[in-house]
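Taking it in order: structure first as structure tokens, then the write-up.
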Amino acid sequence: MENLDFWWYITIKSTESEDMLMSLANVAECIGSEVQTLPNGSTRLRAYFRNNEDISYWQDKLLSAAENMCPIEIEDVGKVENQPWHTAVKEAFPPLPVGKNLVVLAPWHRDKIDKNGKKIPLFINPGSAFGTGYHESTQIALTLLEKYIKRGARVADIGTGSGILSIAAIKMGASFSNAVDIDATVLEEVANNLELNNISKNKISLRLGDLLKDFDETADLLMANILLNPLTTMLCSVPDVIGKDGMAIFSGMLEKEKPIFLEALEGANMEVVEEFVKGEWWGVVTKVKA
């Protein structure tokens, strides 16, 4: 971002709950939001976005996310001028404990790491990639990963985004991660976050790819924190990756989407090991049926 003098805003209205609209804004990668309950019972939310893209880019991203989550009406768009950008961003990303022993930290909070070494710090630079750790779906994935990762495991990180799940897995003892994302801009973001966490690039293979298409690796644990449609699309390929002894963690779905995913899981000859709900979001650990 060269120009920090302003950021974009998009104001939306919906009959959905405040939590739902805030989750929608987070999925669309906003940097902050304000919410208001209107007298007629509907909800208005103003979401703020970086100026490194045109406002139409963020509007399309918001509408695309809404297609999978809830109906919205865009009321207004514009820019906010001459705001204390750095202060606003830093205040928006305080240290965030996740699970039992993880804590997500923006790089400017490096002085707040656990000096006793009991907490594992995950340094993530809030950027354009999905997965800063502050969204419920990422927290679900991290919590489940912490419980099921085994030392020396090889992991697959499908839709890696910021790389936070690969970083967490390696910091908790995984030997290697095969990370895939369809977005080319992710490559540099993940590389930067690996450097922030002092993780060698030979611990991770990062490449462009569309889910599990042309993915010929195997993994002890597969992770995917994306949306329902791509998750169900890739399910039938998952057993070939994890085999009969591996597991897969799926997150990024609303709890109300659970029946759709469970039906797809059955069709892929897989079963639930554990479920986890946070807010309106749902995640699950699965394995191939015996």
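Fair warning: this is a prediction, and the values are worked out from it, not measured in the lab.
No side-chain donor-acceptor contact under 3.5 Å links Trp58 to the backbone of Cys30. With Ser42 contributing its side chain and Thr15 its backbone, the two residues share no donor-acceptor pair below 3.5 Å. No donor-acceptor pair closer than 3.5 Å links the side chain of Lys171 to the backbone N or O of Ile120. Looking only at distances, no side-chain donor or acceptor of Ser33 sits under 3.5 Å from a matching main-chain atom of Ala47.
Taking 4.5 Å as the limit, every side-chain heavy atom of Asn192 sits out of range of all side-chain heavy atoms of Asn125. Side-chain atoms of Asp181 and Leu208, non-hydrogen and from C-beta on, never get closer than 4.5 Å to each other. A heavy-atom distance below 4.5 Å is found between the side chains of Ile31 and Arg50. Contact of the Phe261 side chain with the Leu235 side chain is registered, since non-hydrogen atoms from C-beta on lie closer than 4.5 Å. With a 4.5 Å cut-off on side-chain heavy atoms, Met247 and Ile242 do not count as touching. Between Thr232 and Leu265, the closest side-chain pair of non-hydrogen atoms is not below 4.5 Å. Using a 4.5 Å cut-off on side-chain heavy atoms (C-beta onward), Ile170 and Asn197 make no contact. Between Leu187 and Leu206 the shortest side-chain heavy-atom distance falls below 4.5 Å.
Summarising the geometry, atom CG belonging to Leu212 is positioned 4.0 Å from atom CE belonging to Met234; distances are rounded to the nearest 0.5 Å. Annotation: the span from Glu189 atom CD to Leu194 atom CG amounts to 11.5 Å, rounded to 0.5 Å. To the nearest 0.5 angstrom, Asn193 atom CG is 9.5 Å from Thr160 atom OG1. The CD1 atom of Ile149 lies 6.0 Å from the CE atom of Met172; values are rounded to the nearest 0.5 Å. Asp54 CG to Gln59 CD: the interatomic distance, rounded to the nearest 0.5 Å, is 9.5 Å. Rounding to the nearest 0.5 angstrom, the gap separating the CG atom in Leu142 from the OG atom in Ser137 is 9.5 Å.
Counted by atom type alone, Ser175 and Arg154 present zero donor-acceptor pairs between their side chains at under 3.5 Å. At a cut-off of 3.5 Å, with distance as the only test, a side-chain donor of Thr138 or Asn225 sits close to an acceptor on the other residue. Side-chain contact of Asn101 with Lys118: a donor-acceptor pair under 3.5 Å is absent, judged by distance alone.
Residue pairs that meet the side-chain hydrogen bond (donor to acceptor under 3.5 Å, both in side chains) test with at least one member in residues 203-220, sequence neighbours left out, are Asp210-Lys213.
Cluster membership check: Val180 does not share its hydrophobic cluster with Ile182, using side-chain heavy-atom separations under 4.5 Å among Ile, Leu, Val, Met, Phe, Trp and Tyr. Following chains of ILVMFWY side-chain contacts shorter than 4.5 Å, one can reach Ile55 starting from Leu62, so the two form part of one hydrophobic cluster. By the rule that hydrophobic residues join a cluster once side-chain heavy atoms approach within less than 4.5 Å of another member, Met223 and Phe176 end up as members of separate clusters. Leu222 and Leu262 fall within the same hydrophobic cluster, defined by Ile, Leu, Val, Met, Phe, Trp and Tyr side-chain heavy atoms under 4.5 Å apart, directly or through other members.
Salt bridge annotation for Lys100-Glu146: absent, with no cationic side-chain nitrogen under 4.0 angstrom from a carboxylate oxygen.
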Side-chain donor/acceptor pairs under 3.5 Å, residues 271-289, sequence neighbours excluded:
from, atom 1, to, atom 2, distance (Å)
Glu274, OE1, Lys147, NZ, 2.9
Glu274, OE1, Tyr148, OH, 2.5
Glu274, OE2, Lys147, NZ, 3.3
Glu275, OE1, Lys258, NZ, 2.7
Glu275, OE1, Trp282, NE1, 3.0
Glu280, OE2, Ser17, OG, 3.0
Glu280, OE2, Met20, N, 3.1
Trp281, NE1, Ser23, OG, 2.9
Thr286, OG1, Ala248, O, 3.3
Lys289, NZ, Glu266, OE1, 2.9
Lys289, NZ, Glu266, OE2, 2.7

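By the side chain to side chain donor-acceptor pair (under 3.5 Å) test, Asp76 is found to be paired with Tyr9, residues two or more places apart in sequence or in another chain being considered.
Minimum heavy-atom separation, Val190 to Gly163: CG2-N, 3.9 Å. The two residues Lys61 and Ala28 come nearest to each other via the heavy atoms CD-O, 3.6 Å. Minimum interatomic distance between Leu145 and Ala169 (heavy atoms only, all atoms of both residues): CD2-N, 3.9 Å. Cys236 approaches Pro239 most closely through the heavy-atom pair O-CD, 3.6 Å.
More than 12 heavy atoms of other residues, nucleotides or ligands lie within 6.0 Å of CD in Glu75, so this atom counts as buried by the packing criterion. Open room surrounds CE on Met22; 12 or fewer heavy atoms of other groups in view lie less than 6.0 Å from it.
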